[in-house]
Amino acid sequence: MLQVNYIRQNRENVLERLGVKNFKETDLVDEVISLDDERKRLQLEFDNNQARVNSASKEIGMLMKQGNKDGAEALKAEVASAKATIEPLKEQMTSVEKQLTDILLLLPNLPAAIVPKGKTPEENEVVREGGEIPTLYENAVPHWELTTKYKLVDFELGTKITGSGFPVYTGKGAKLQRSLVQFFLDFNTAAGYHEYLPPFMVNEESAYGTGQLPDKEGQMYHATADNFYLIPTAEVPVTNVYRDTILKEDDLPVKMTAYSPCFRREAGSYGKDVRGLNRLHQFEKVEIIQIVHPDKSYEVLDNMVKHVESLLQSLELPYRILRLCGGDMGFTSALTYDFEVYSAAQKRWLEVSSVSNFENFQTNRLKCRFKDANGKTQLTHSLNGSSLALPRIVASLLENNQQEDGIHLPASLHNYFGSSIIN
RNA sequence: GGUGAGAUGCCUGAGUGGCCGAAAGGAACGGUUUGCUAAACCGUCGUACGGGUUAAACUGUACCGAGGGUUCGAAUCCCUCUCUCACCGCCA
């Protein structure tokens, strides 16, 4: 959530930045300002009246002690009239505050200066590429045939048990998942990230805290009997660890990592995009999250990008890093780098990680702050990234490394998987 | 799921209608003194939103789990909810 005072002081800039994100309802910005004016006016009037009530009440107490009943009664009448004024003011204040918050929730984060203009994924900028795109042998097939051939994933069984998009991993397929999770977590903790195993369901407050609500209401599974949401990413429970906290400056940066399954309804997806492991309703992911000093967040973003990059390098997968354009960025992000790996049999790039700086957009909502050197309380910045999402990593590992005698895994996984080959 | 007890500031914990934004102790921070891996003493030690100021100072309001109610006045009384603890039941 953007800060009202920031909007007030930087109106032109806010409008210009929202334009980069192709945000159309720019009237809302001025509406925020006028609602805030109204809020201030109401508060001042309310406070003044309330102050009168408070002091009169004190006086009544004293008069009663002195036995001055008539004086007390007279003051009571005065309080009653002040309260009559206050009552409607209170209602107006509540209503104006709610309108203000509702609108603020609709405004996306402002993109950083470096974010390219653009509307579609084609306008994302390729920042870097790495690894080598393999030349596959002549009988190479897409991963959904390999998973069947080696009995790694049973899609039909998942459909029977739950529904489409809920695959069942079996045998070596299950073990590969477990190995990757373990490898990723070890890689992250070695870099100083503290490991969490969070709840896989969150309450409404947490979903608001990180900005999934109200923006992505329909994308989350909702357990209505208890009003819990199945998490779409570990970002939600883990970032909320620091909801409503004031950290010491020395506590920063906070580095966290977590494995979790992720649940996404993916309403509106179809076609080749959803084939095999490309797009699922439930998948495994390891996430990294940092809460940092506002002056450091872009430096940290670069570090996180390098961290994820070296993880991909250790998997020996061909990858590229994209800087997302305004139109392709998420609601809460100020700058996002997407990582894609090349799926050689499908001959397409698959997104496997998204690393973002949210600046204080999440922390404003979360009230995650710190005391700076001058003793002033200010908002921290939050960042997160996948490191990594499993299904598409598995897809490209299978496809890119397939040979006549089986799938040859990268050296980094041999110990975790207990073998160098799937056959 | 049942019964009972509880929820106060960073922590412990007092406060049962006005003198309470809240005692006391501890932790933390700053200082003095002494000196050695510490003690003593002094001071500071909530958040949000307003007014005010170049910035402070100063000042108003709200907040003692959340929401409502009673009252001139609520941390304190009443109601609802949430959570915690204890015991019972069930159970991986």
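Since this is a predicted model, take the numbers as computed values, not measurements. Residue numbers start from 1 in every chain, and the chains themselves are labelled A, B, ... in the order their sequence lines are given, proteins ahead of strands.
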**Whole-Å P distance, B:G21 and B:C64** = 12 Å

**Request:** Let me know the distance between CD of A:E97 and P of B:A62, rounded to the nearest Å.
**Result:** 14 Å

**Who pairs with B:A66 - Watson-Crick or G-U, where each distance is under 3.5 Å** = B:U80

**Message:** Please tell me if A:R39 has a side-chain N or O lying less than 4.0 Å from either OP1 or OP2 of B:C49.
**Reply:** no

**Message:** Measuring only the P atom in each nucleotide, how far is B:G65 from B:G15? A whole number of Å is fine.
**Reply:** 15 Å

**Message:** Counting the atoms with a prime plus P, OP1 and OP2 as sugar-phosphate, which does A:I60 contact under 4.0 Å by heavy atoms, base, sugar-phosphate, or nothing?
**Reply:** base

**Fill in**
From the candidates B:A56, B:C72, B:G50, the one with an atom nearest any side-chain atom of A:K376 is B:A56

**Message:** Of the listed nucleotides (B:A62, B:A48, B:C72), which one gets closest to any side-chain atom of A:T377?
**Reply:** B:A48

**Request:** Compare every heavy atom of A:G118 with every heavy atom of A:E123, then report the nearest pair and how far apart it is.
**Result:** OE1-CA, 3.3 Å

**Item:** Atom P, compared across B:C45 and B:G25: separation rounded to whole Å
**Value:** 15 Å

**Request:** Would you please classify the geometry between the A:Y193 ring and the A:H307 ring as parallel, tilted or perpendicular, with 30° and 60° separating the classes?
**Result:** tilted

**Request:** Searching all strands shown, indicate the nucleotide that pairs with B:A40 (Watson-Crick or G-U wobble; both distances under 3.5 Å).
**Result:** B:U32

**Prompt:** Between B:C49, B:G46, B:G73, which nucleotide has the shortest distance from any of its atoms to the side chain of A:Q43?
**Reply:** B:C49

**Request:** Write down the distance between CD1 (A:I86) and P (B:G60), rounded to a whole number of angstrom.
**Result:** 16 Å

**Prompt:** Is any side-chain nitrogen or oxygen of A:Q50 closer than 4.0 Å to OP1 or OP2 of B:A62?
**Reply:** yes

**Prompt:** For A:N203 and B:C81, what is the distance between atoms CG and C1' respectively, to the nearest whole Å?
**Reply:** 15 Å

**Prompt:** Taking the six-membered ring for Trp, are the ring centroids of A:H293 and A:F370 within less than 6.0 Å of each other?
**Reply:** yes

**Asked** A:K83 has a side chain; which of B:C72, B:U61, B:G51 sits nearest to it?
**Response** B:C72

**Asked** Between the side chains of A:Q50 and A:E45, is a donor N or O closer than 3.5 angstrom to an acceptor N or O?
**Response** no

**Asked** Is there a side-chain polar atom (N or O) of A:N54 under 4.0 Å from OP1 or OP2 of B:G73?
**Response** no

**Atom-to-atom span, CG of A:D251 to P of B:A28 - whole angstrom** = 15 Å

**Message:** Base, sugar-phosphate or nothing for A:A51? Non-hydrogen atoms, less than 4.0 Å.
**Reply:** sugar-phosphate

**Prompt:** A:H281 vs A:Y221 aromatic rings, parallel, tilted or perpendicular, using cut-offs 30° and 60°?
**Reply:** perpendicular

**Request:** Look at the side chain of A:F46 and decide which nucleotide, out of B:C72, B:U61, B:U47, has an atom nearest to it.
**Result:** B:U61

**Fill in**
Taking for A:G375 and for A:S57 the nucleotide of RNA chain B with the nearest heavy atom, the one nearer the 5' end belongs to A:S57

**Item:** Pairing nucleotide - B:G9, Watson-Crick or G-U, each distance under 3.5 Å
**Value:** none

**Message:** Applying the Watson-Crick and G-U wobble criteria at under 3.5 Å, what pairs with B:G60? Answer none if nothing qualifies.
**Reply:** B:C49

**Item:** Spacing of A:D36 atom CG relative to B:G50 atom P, expressed in whole Å
**Value:** 6 Å

**Prompt:** What integer number of Å spans the P atoms of B:A14 and B:U8?
**Reply:** 11 Å

**Request:** Check the distance between B:A66's P and A:E205's CD and give it to me in whole angstrom.
**Result:** 11 Å

**Asked** When you compare B:G9 with B:C88, how far apart are their P atoms, in angstrom units rounded to a whole number?
**Response** 31 Å

**Message:** I'd like to know whether the aromatic ring centres of A:H194 and A:Y196 sit less than 6.0 Å apart in this structure.
**Reply:** yes

**Request:** Tell me what A:K90 touches on the nucleic acid: a base, only sugar-phosphate, or nothing, going by heavy atoms under 4.0 Å.
**Result:** nothing

**Asked** Can you find a side-chain donor-acceptor pair between A:E359 and A:H381 that sits under 3.5 Å?
**Response** no

**Complete:** Against the side chain of A:K58, the closest entry in B:A48, B:G46, B:C19 is B:C19

**Asked** Considering only the C1' atoms, how many Å lie between B:U16 and B:C77, rounded to the nearest integer?
**Response** 9 Å

**Message:** For B:G18, give the paired nucleotide (Watson-Crick: N1-N3 plus N6-O4 or O6-N4; G-U: N1-O2 and O6-N3; both under 3.5 Å), or none.
**Reply:** B:C72

**Request:** Quickly work out the A:E91 CD to B:G67 P distance and round it to whole Å.
**Result:** 17 Å

**Message:** On RNA chain B, compare the nucleotides closest to A:K40 and A:G61; which residue's is nearer the 5' end?
**Reply:** A:G61

**Complete:** A:R369 atom CZ is separated from B:C10 atom P, nearest whole Å, by 11 Å

**Item:** For B:U3, the Watson-Crick or wobble partner whose two distances fall under 3.5 Å
**Value:** B:A86

